[in-house]
Amino acid sequence: MKFIKPFITFSIINFGALAIGSWLMNNGPQTEWYTSLNQAPWTPKGWVFGVAWTTIMLCFSIYMSYLYLKLPISKFAALFSVQFILNVIWNYLFFNQHLIVFGLITIVALTIVVATFLFKFKSELKLKTLFILPYFVWLCIATSLNTYIYLYN
């Protein structure tokens with residue numbers, strides 16, 4: 001029962017970040033600008049992004065709930081806030097403003113922040129650390145996609 005309240009709270013925050021990011025990208029993946037870019041051959045089909053992000057945010061909400069129950073929030077609040085901001089702002093920079101290099105810098109920073117979560121709190125969460133792994137793996141893929149677009153456009 002202790003787990004439910006933080007899980008709901010983190011789910012609202014995390015899915016809120018997705019909603020804000022989606023709103024800020026202004027239909028970016030369907031725009032002529034994006035569809036005309038040279039994209040990486042390993043770019044997933046559009047529907048994969050929705051499934052991936054839903055799974056990632058559910059797992060990340062579970063991860064953050066366990067972290068919240070294990071440590072004082074002051075130990076990770078700043079890192080979580082930076083993650084939130086970077087996650088949201090990437091959509092705006094890349095899809096809305098077409099700032100590929102700033103999008104790349106942002107997604108690299110986001111990957112570093114998520115990697116920090118992954119490694120910094122591993123001893124506290126032990127096997128539960130696996131819940132942040134989908135986020136980290138997806139960011140590595142997304143970073144490679146952003147890098148490809150930067151290099152070939």
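For reference, positions follow the sequence shown, starting with 1.
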With [X], which residues qualify under ring pair (Phe, Tyr, Trp, His ring centres under 6.0 Å), at least two apart?
{"X": "W23", "value": "none"}
{"X": "F49", "value": "W138"}
{"X": "W42", "value": "Y148"}

Got a second to check how far [X]'s [atom1] is from [Y]'s [atom2], nearest 0.5 Å?
{"X": "L99", "Y": "L93", "atom1": "CG", "atom2": "CG", "value": "6.0 Å"}
{"X": "I149", "Y": "I100", "atom1": "CD1", "atom2": "CD1", "value": "6.5 Å"}
{"X": "L130", "Y": "L118", "atom1": "CG", "atom2": "CG", "value": "9.0 Å"}
{"X": "K128", "Y": "K126", "atom1": "NZ", "atom2": "NZ", "value": "9.5 Å"}
{"X": "Y150", "Y": "L37", "atom1": "OH", "atom2": "CG", "value": "14.5 Å"}
{"X": "I20", "Y": "I13", "atom1": "CD1", "atom2": "CD1", "value": "10.5 Å"}

Over all heavy atoms of both residues, which pair between [X] and [Y] is shortest? Give the atoms and the distance, please.
{"X": "Q83", "Y": "L110", "result": "O-CD1, 3.6 Å"}
{"X": "G21", "Y": "N91", "result": "O-CB, 3.2 Å"}
{"X": "A40", "Y": "L145", "result": "CB-CD2, 3.7 Å"}
{"X": "P29", "Y": "Y34", "result": "O-CD2, 3.3 Å"}
{"X": "F131", "Y": "C59", "result": "O-CB, 3.1 Å"}

Item to check | All side chain to side chain contact (heavy atoms under 4.5 Å, CB included) counterparts of F15, not counting sequence neighbours | outcome: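 If we apply the side chain to side chain contact (heavy atoms under 4.5 Å, CB included) test to F15, skipping adjacent residues, the hits are S11, L18, T54, M57, L58.
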Checklist entry - Within the distance-only criterion (no hydrogens, no angle test), does the side chain of N96 pair as donor or acceptor with the backbone N or O of L24 below 3.5 angstrom? => result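 Yes.
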Checklist entry - Is a donor on one side and an acceptor on the other found under 3.5 Å between the side chain of N153 and the backbone of N38? => result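 Checked: pair present.
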Checklist entry - Is there a side chain to side chain contact (heavy atoms under 4.5 Å, CB included) between W47 and V51 once you walk through the steps? => result CA-CA 7 Å; W47 65 268; V51 171; 3.9 Å; yes
Item to check | Within residues 97-115 or reaching into it, pairs that qualify as side-chain hydrogen bond (donor to acceptor under 3.5 Å, both in side chains) - sequence neighbours excluded | outcome: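 For residues 97-115: Y92-Q97, T111-T143.
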Item to check | N87 and Y135: CA distance, side-chain angles, deciding distance, side-chain hydrogen bond (donor to acceptor under 3.5 Å, both in side chains) verdict | outcome: CA-CA 11 Å; N87 190 330; Y135 196 0; 2.9 Å; yes
Checklist entry - How about F60 and W53: are their ring centres within less than 6.0 Å of each other? => result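 They do not qualify: ring centres at least 6.0 Å apart.
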Side-chain donor/acceptor pairs under 3.5 Å, residues 63-79, sequence neighbours excluded:
unit_1, atom_1, unit_2, atom_2, d
Y63, OH, F117, O, 2.8
S65, OG, P6, O, 3.4
S65, OG, F7, N, 3.0
S65, OG, S61, O, 2.7

Checklist entry - Taking atom CD1 of I4 as the centre, does the number of heavy atoms from other residues, nucleotides or ligands within less than 6.0 Å exceed 12? => result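 Yes - once you tally the heavy atoms of other residues, nucleotides and ligands closer than 6.0 Å, there are more than 12.
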Checklist entry - What do you reckon, is CD1 of I89 surrounded by more than 12 foreign heavy atoms closer than 6.0 Å? => result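 No - once you tally the heavy atoms of other residues, nucleotides and ligands closer than 6.0 Å, there are 12 at most.
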Item to check | CA sep, side-chain torsions, deciding dist, call: F94, M25, side chain to side chain contact (heavy atoms under 4.5 Å, CB included) | outcome: CA-CA 8 Å; F94 185 85; M25 77 172 135; over 6 Å; no
